[in-house]
Amino acid sequence: MTSTDPTPSRVLVLNSGSSSVKYQLLDMADSARLAVGLVERIGEETSRLVHTPLTGGDKRELTGPIADHAAALKAVSEELAKDGLGLDSPELAAIGHRVVHGGLKFSAPTVITEEVMAEIERLVPVAPLHNPANITGIRTAQSLRPDLPQVAVFDTAFHTTMPEHAARYAIDVETADAHRIRRYGFHGTSHAYVSRETAKLLGKDPSEVNVIVLHLGNGASASAVRGGVCVDTSMGLTPLEGLVMGTRSGDLDPAVIFHLERVAGMSTDEIDTLLNKKSGLVGLCGDNDMREIRRRIDEGDQRAALAFDIYIHRLKKYIGAYYAVLGKVDAVAFTAGVGENAAPVREAAVLGLEELGLAVDGELNAVRSDAPRLISPEYARVAVAVVPTDEELEIATQTYALVRSGA
Ligand code: ADP
């Protein structure tokens with residue numbers, strides 16, 4: 001590169017699932033989004049690519065078979081090229097990959113080498129649904145741009161600071177260690193970003209504030225963040241533990257599993273599917289979309305009302321638990337699809353917690369906005385905030401910072 005060449009500042013963020021790839025292209029010179037999109041139903045006849053250029057031009061949709069991740073990324077590259085943003089551009093600085101499980105080894109974003117790939121592979125037994133898809137995404141991106149730094153940003157990284165007493169299950173230590181059974185936590189990129197943005201909203205440095213972050217999407221998790229450092233989180237060995245989610249049960253007595261095996265005659269795989277895909281809100285009332293649940297409640301639907309109450313009860317228990325873990329709380333931050341949009345959830349979650357200094361102002365809570373904002377009344381001791389998450393921006397920021405540092 002000559003001195004007149006611009007410093008490459010674009011980062012492609014890839015979030016590869018088993019049959020989908022979500023992507024965003026950002027220019028980190030000004031953190032601007034250039035294009036966003038997704039490919040879904042990869043491997044089926046009815047694959048779909050939806051591409052939205054943000055530099056001008058209309059959203060485009062392509063349907064038809066896309067055989068595998070390599071074909072998907074090639075199609076994405078072709079769409080980006082139509083807007084002059086192709087993956088072969090010298091302006092692309094790096095590709096940042098969301099990797100779900102980084103175990104204990106990866107506490108920070110990491111440039112992907114063969115050693116790193118081997119470790120991600122070694123973690124497949126604890127993340128059988130996610131890590132294989134992430135590996136496929138990385139391999140595909142490597143084959144497209146072998147010269148480019150590829151960076152892994154791990155969902156577990158932010159939680160590696162959890163103290164042993166929060167991370168260990170109370171089971172036989174040798175068994176736990178032999179099989180790497182412990183609480184890892186997930187959604188870490190979001191918890192890191194939101195806890196930092198919450199501090200910013202309060203006009204403070206992250207090191208000065210204690211925050212309870214409630215990431216309520218289809219998957220949901222809570223975390224306790226002391227001075228910018230995660231000290232506890234609700235997801236565990238897998239994303240099944242903790243809050244009631246769209247389709248996952250969250251916490252339950254582990255003996256339910258033996259009971260289903262012995263009494264209901266269900267297989268391990270059937271129980272896995274039951275607890276991960278057919279439980280939570282969908283198991284309780286048939287719907288996992290909070291908008292639909294609220295609509296049904298408004299029509300007097302008792303099952304939807306009970307599902308909502310169970311969801312809120314668990315959420316409230318975690319707020320109380322993390323209040324106790326932190327001792328002093330400066331803010332509770334709601335984020336992700338439900339947390340950012342569902343005012344009734346926010347209201348119900350802190351209802352009755354005035355003695356803990358927590359309250360929500362009805363008018364502020366009803367405001368719809370994409371901006372981080374406070375929804376607690378002025379008198380409340382603890383700030384309650386809505387802080388939109390942006391995992392892609394966080395992945396791009398971490399990726400770019402790492403590449404720029406020359407690590
Ligand atoms: P994920 O990334 O885990 O798939 P999201 O963070 O996008 O999920 O959240 C999706 C969920 O957010 C939906 O299932 C729905 O329950 C909820 N949601 C989205 N928009 C609204 C809204 N306007 N009101 C209430 N809930 C909403």
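Since the model is a prediction, treat every value here as computed from it, not as a measurement. Nothing fancy with the numbering, it's 1 onward along the sequence. Order of listing sets the numbers, starting from 1, for every ligand and every atom in it.
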Residues Asp83 and Arg60 bridged, charged N to O under 4.0 Å = yes

At a 4.0 Å threshold, what atoms of ligand 1 neighbour a non-hydrogen atom of Val338?
-> 12 (O), 16 (O), 17 (C)

Going by the order shown, which atoms of ligand 1 are within less than 4.0 Å of some heavy atom of Gly219?
-> 3 (O)

Result of checking Val225, Val387, Val211, Thr189 against Val194 for side chain to side chain contact (heavy atoms under 4.5 Å, CB included) = Val387

Could you check atom 23 (N) of ligand 1 against the protein and tell me its nearest heavy-atom contact, residue, atom and distance included?
-> Asn341 CB, 3.4 Å

For Ala342, the ligand 1 atoms with a heavy-atom partner under 4.0 Å come out as 25 (C)

Side chains of Glu340 and Thr335: is there a donor and an acceptor less than 3.5 Å apart?
-> yes

Looking only at distance, does His215 have an N or O less than 3.5 Å from an N or O of ligand 1?
-> no

Ligand 1 atoms in contact with Asn288 (distance to a heavy atom under 4.0 Å) = 14 (O), 16 (O)

Just checking, is any N or O donor in the side chain of Asn341 or Arg368 under 3.5 Å from an acceptor N or O on the other one?
-> yes

Heavy atom of the protein closest to atom 15 (C) of ligand 1 (residue, atom name, distance) | Asp289 OD1, 3.4 Å

Taking the inter-plane angle between the rings of Phe154 and Phe106 on a 0 to 90° scale, is it parallel (under 30°), tilted (30 to 60°) or perpendicular (over 60°)?
-> parallel

Determine whether the aromatic ring centres of His159 and His191 lie less than 6.0 Å apart.
-> yes

Of all the atoms in ligand 1, which lie at a distance below 4.0 Å from a heavy atom belonging to Arg368?
-> 23 (N)

Is there a protein heavy atom less than 4.0 Å away from atom 2 (O) of ligand 1?
-> no

Would you say Gly337 and ligand 1 have an N/O pair spaced under 3.5 Å apart?
-> yes

Given Tyr169 and Glu241, is the side-chain hydrogen bond (donor to acceptor under 3.5 Å, both in side chains) satisfied, shown in steps?
-> CA-CA 12 Å; Tyr169 292 108; Glu241 193 180 342; 2.5 Å; yes

To the nearest 0.1 Å, how far is atom 4 (O) of ligand 1 from its closest protein heavy atom, and which atom is that?
-> Asn218 CB, 3.7 Å

Taking the side chain as every heavy atom from C-beta outward, state whether Ser221 and Phe186 have any atom pair closer than 4.5 Å.
-> no

Atom 26 (N) of ligand 1: which protein heavy atom is closest, and how many Å away?
-> Met290 CB, 3.5 Å

If you scan protein heavy atoms around atom 24 (N) of ligand 1, the nearest is Arg291 CG, 3.2 Å

Just by distance, with hydrogens left out, do Thr247 and Asn288 show a side-chain donor and acceptor under 3.5 Å apart?
-> no

